[in-house]
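Structure, as structure tokens:
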Amino acid sequence: MEGILDALSGVAVTHLRPGYFYYNFYNFVDMIKGLGIIGTNFGGNDVLVMAAPSDIAAAAAEELTSTASGRKVRYIASDERTADEVARVLGSAIGKPDLRWVTFTNEETQAAMEANGLPTHAAVNLVGIGASIHSGRLREDYDLNKPAEMGKVKLEDFAKEFAAAFQSDNAD
């Protein structure tokens, strides 16, 4: 898509590239409740660049009001943490301070996704993204072009929302 936009002539184009959306962590609620872990094909010391929708919106508003011309890429990050740190922060917020993030193989991850009803093509794509997080390949350009400043919503802020949703889901 970026290539198509870059082919336009006479217009300024800024590509916004947000990190891993915080709300993706909601996908782990059932796993946390059922298995007591967070797990996928990345984890441990793999660094996650995370983004909150409000920080993405603020960056988009800045870019829409910018008078800059030409082509530009802007990464949007609210926080950066290892997967193990994410598990500790989210676990503490939900009363499970020993919550661990377990790294599964690509095959185990894909099989679990498909067993939970995700179509094969979607599971393959998500496993590929996870593998690129685990290898560090997804971060290569980000690391060379980090944003000058992080967004306002830190992991601890999101953890409060996560805990509220986690607890309200317990009430069902």
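Heavy atoms only: backbone and side chains are in, while hydrogens, waters and symmetry mates are out.
Here Ile94 contributes atom CD1 and Leu99 contributes atom CG; the two are 5.5 Å apart, rounded to the nearest 0.5 Å. For the atom pair CZ (Arg88) and CG (Leu155), the distance works out to 11.0 Å, reported to the nearest 0.5 Å. Going from atom CG of Leu48 over to atom OG1 of Thr82 covers 8.0 Å, rounded to the nearest 0.5 Å. Atoms CE and OG1, on Met113 and Thr120 in that order, are 12.0 Å from each other to the nearest 0.5 Å. Atom CG of Asp84 sits about 6.0 Å away from atom CG of Asn45, to the nearest 0.5 Å. Between the CE atom in Met1 and the CG atom in Asp6 there is a gap of 11.5 Å [rounded to 0.5 Å].
In terms of the ring-ring contact (aromatic ring centres under 6.0 Å, His included) criterion, residue partners of Tyr26 (sequence neighbours excluded) are, by chain and number, Phe158, Phe162.
Counting only residues at least two apart or on different chains, no salt bridge (charged side-chain N to carboxylate O under 4.0 Å, His left out) pair has a member in residues 91-111. Pairs of residues two or more places apart, or lying in two chains, that qualify as salt bridge (charged side-chain N to carboxylate O under 4.0 Å, His left out) and include a residue from residues 40-67 are Glu62-Arg74, Glu63-Lys72, Glu63-Arg74. Each salt bridge (charged side-chain N to carboxylate O under 4.0 Å, His left out) pair with one or both residues in residues 145-160, not counting sequence neighbours, appears once here: Glu80-Lys146, Arg81-Glu156.
In this structure, Ile129 and Phe42 have side chains that are not in contact, with every pair of non-hydrogen atoms separated by 4.5 Å or more. Side-chain contact between Arg139 and Asp143: present, with at least one pair of heavy atoms (C-beta onward) separated by less than 4.5 Å. Using a 4.5 Å heavy-atom threshold, the side chains of Phe25 and Val86 count as touching.
Residues Gly39 and Met31 come closest through the heavy atom pair N-SD, 3.0 Å. Taking all atoms of both residues into account, the shortest heavy-atom contact from Ser78 to Ala51 is OG-CA, 3.4 Å. Between Gly44 and Thr103, the closest heavy-atom pair is N-OG1, 3.8 Å. Residues Gly43 and Ala83 share a closest heavy-atom pair of CA-CB, 3.4 Å.
In the hydrophobic clustering, where aliphatic and aromatic side chains (Ile, Leu, Val, Met, Phe, Trp, Tyr) are joined below 4.5 Å either directly or transitively, Leu144 stands alone. The other members of the hydrophobic cluster of Tyr142, by chain and number, are Val49, Val73, Tyr75, Met150 (side-chain heavy atoms under 4.5 Å, ILVMFWY only).
Both Tyr23 and Tyr20 belong to a single network of hydrophobic side chains, linked directly or stepwise wherever heavy atoms of I, L, V, M, F, W or Y lie under 4.5 Å apart. Transitive grouping of hydrophobic side chains (ILVMFWY, heavy atoms separated by less than 4.5 Å) brings Leu35 and Ile38 into a common cluster. By the criterion of side-chain heavy atoms lying less than 4.5 angstrom apart, applied directly or through intervening Ile, Leu, Val, Met, Phe, Trp or Tyr residues, Ile76 is not grouped with Val13; the two fall into different hydrophobic clusters. Val47 and Phe28 fall into different hydrophobic clusters, where Ile, Leu, Val, Met, Phe, Trp and Tyr side chains are chained together by heavy-atom contacts under 4.5 Å. Both Val102 and Leu90 belong to a single network of hydrophobic side chains, linked directly or stepwise wherever heavy atoms of I, L, V, M, F, W or Y lie under 4.5 Å apart.
Side chains of His134 and Asn106: a donor-acceptor N/O pair is absent below 3.5 angstrom, by distance only.
When atom types are taken as modelled, the side chain of Ser69 and the backbone of Ala12 share no donor-acceptor pair closer than 3.5 angstrom. With Ser66 contributing its side chain and Ala68 its backbone, the two residues share a donor-acceptor pair below 3.5 Å. The backbone N or O of Asn41 lies less than 3.5 Å from a partner atom in the side chain of Thr109, making a donor-acceptor pair.
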- Item | side-chain contact (heavy atoms from CB on, under 4.5 Å) between Thr40 and Trp101, intermediate numbers included | CA-CA 8 Å; Thr40 191; Trp101 191 305; 3.9 Å; yes

- Query: Does the side-chain contact (heavy atoms from CB on, under 4.5 Å) test come out yes or no for Phe166 and Ile32, once each step is laid out?
  - Reply: CA-CA 10 Å; Phe166 187 90; Ile32 294 168; 3.8 Å; yes

